[in-house]
> 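Pasting a structure below so you can have a look.
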Amino acid sequence: MSIFNSFGINASGMTAERYRMDVISENVANANTTRTEDGTPYRRKVVTFEQRGERVGNFSTFLGKASSAYRGQGVRVSKVLEDDWTQMNMVYDPSHPDADENGYVTGPNVNIVTEMTNLIDASRAYEANATAFNASKSIAVKGLEMAGQS
């Protein structure tokens, strides 16, 4: 693996985490949105990552390739899912225009504490990739300085 591959790996990690932070920000911004364009409450979005490059398939295929030709190439966003496994929030507010016949309003399934925790996690992962990128850059600069002295 060359030093330039490490730049690409770290840059892809920073890009993916920045996108994850954007989606988390969208979730927080819509924490009180009870009606979207399609008339339903906002659903929380979740970002999933996968390895960049060739897809390796199942575990045995991966294990076979790992010994010979496997090289990490970074990460990418594989998909953005709507969270349909978390229950929507039900709030009693009979004066709300979106209230049902019992006076309950179905609100988004966004939990601010969860979102802020995920935001901190994404921020720290971004910082870790930036630190690794800077370390790789320092190694490259030091190598160039050493080559220039010979």
Side-chain angles (χ1 to χ4, degrees), residues 1-91 93 96 98 105-150:
M1 179 166 98
S2 77
I3 191 75
F4 298 111
N5 286 352
S6 68
F7 291 149
I9 290 168
N10 296 321
S12 72
M14 288 190 294
T15 301
E17 293 298 344
R18 182 181 47 99
Y19 186 78
R20 182 176 167 213
M21 287 188 274
D22 289 344
V23 170
I24 292 168
S25 298
E26 179 183 338
N27 289 340
V28 171
N30 286 293
N32 295 318
T33 303
T34 58
R35 190 181 321 161
T36 58
E37 292 175 357
D38 62 357
T40 61
Y42 178 81
R43 282 200 173 270
R44 174 179 180 257
K45 293 184 175 73
V46 180
V47 177
T48 59
F49 298 151
E50 70 179 3
Q51 172 189 330
R52 270 181 40 196
E54 167 184 354
R55 296 204 175 153
V56 293
N58 61 23
F59 180 74
S60 61
T61 306
F62 173 77
L63 188 59
K65 291 184 178 190
S67 60
S68 60
Y70 178 75
R71 291 187 305 190
Q73 298 176 4
V75 67
R76 68 177 173 196
V77 173
S78 62
K79 51 186 131 166
V80 178
L81 303 170
E82 281 193 353
D83 179 356
D84 57 1
W85 55 89
T86 305
Q87 289 184 340
M88 303 299 273
N89 294 326
M90 298 296 289
V91 177
D93 186 2
H96 195 282
D98 292 328
V105 178
T106 304
N109 58 348
V110 176
N111 181 330
I112 296 297
V113 174
T114 301
E115 298 303 321
M116 293 309 292
T117 303
N118 290 340
L119 186 61
I120 291 168
D121 180 52
S123 175
R124 297 278 163 82
Y126 183 93
E127 290 172 10
N129 278 295
T131 300
F133 186 90
N134 287 331
S136 297
K137 184 172 73 170
S138 295
I139 290 169
V141 168
K142 191 66 166 174
L144 289 172
E145 288 172 359
M146 290 170 62
Q149 293 174 356
S150 345

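Basis for what follows: all heavy atoms, side chains included, without hydrogens, waters or symmetry-related copies.
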> Return the CD to CD distance between Gln149 and Glu145, rounded to the nearest 0.5 Å.
7.0 Å
> Output yes when a side-chain donor or acceptor of Asn27 lies under 3.5 Å from a complementary backbone atom of Lys45, and no otherwise.
yes
> Is there side-chain contact between Arg52 and Val75, with at least one heavy-atom pair below 4.5 Å?
no
> Carefully, step by step, assess Asn109 and Asn89 under the rule side-chain contact (heavy atoms from CB on, under 4.5 Å).
CA-CA 6 Å; Asn109 58 348; Asn89 294 326; 5.7 Å; no
> Are the charged groups of Glu115 and Arg44 less than 4.0 angstrom apart, N to O?
yes
> So which heavy atom on Met88 is nearest to which on Pro41, and how close?
CE-CB, 3.6 Å
> Rounded to the nearest 0.5 Å, what separates atom CD1 in Ile139 from atom CG in Asn134?
11.0 Å
> Within the distance-only criterion (no hydrogens, no angle test), does the side chain of Ser6 pair as donor or acceptor with the backbone N or O of Ser136 below 3.5 angstrom?
no
> Restricting to non-hydrogen atoms, name the atom on Phe7 and the atom on Lys137 that form the minimum distance, rounded to 0.1 Å.
CE2-N, 3.5 Å
> So, the side chain of Thr117 versus the backbone of Val113: is there a donor-acceptor pair under 3.5 Å, distance only?
yes
> Can you name the closest pair of heavy atoms from Val47 and Arg20 and give their distance?
CG2-CA, 4.1 Å
> If I compare all heavy atoms of Thr48 with all of Leu81, which pair ends up nearest, and what's the gap?
CG2-CD1, 4.1 Å
> For atom OH of Tyr19, is the number of surrounding heavy atoms from other residues, nucleotides or ligands below 6.0 Å larger than 12?
no
> Evaluate the side-chain proximity of Thr106 to Thr34: yes if any heavy-atom separation is below 4.5 Å, no if none is.
no
> With side chains defined as the heavy atoms from C-beta onward, is the minimum distance between Arg124 and Glu17 less than 4.5 Å?
no
> With a 4.0 Å cut-off, would you call Asp83 and Arg43 a salt bridge?
no
> Please find the pair of heavy atoms, one from Gly74 and one from Ser12, that lie closest to each other, and give the distance.
CA-OG, 3.3 Å
> Report, as yes or no, whether the 6.0 Å neighbourhood of atom CG on Asn32 holds more than 12 heavy atoms from other residues, nucleotides or ligands.
no
> Nearest 0.5 angstrom please: Asn10 CG to Asn129 CG, how far?
5.5 Å
> Within a strict 4.5 Å, meaning less than it, do heavy atoms of the Tyr42 and Glu26 side chains meet?
yes
> Which pair of heavy atoms, one from Met21 and one from Leu119, lies closest together, and at what distance?
CG-CD1, 3.7 Å
> Do Val46 and Trp85 have side-chain heavy atoms sitting under 4.5 Å apart?
yes
> Taking atom CE of Met116 as the centre, report whether more than 12 heavy atoms of other residues, nucleotides or ligands fall under 6.0 Å from it.
no
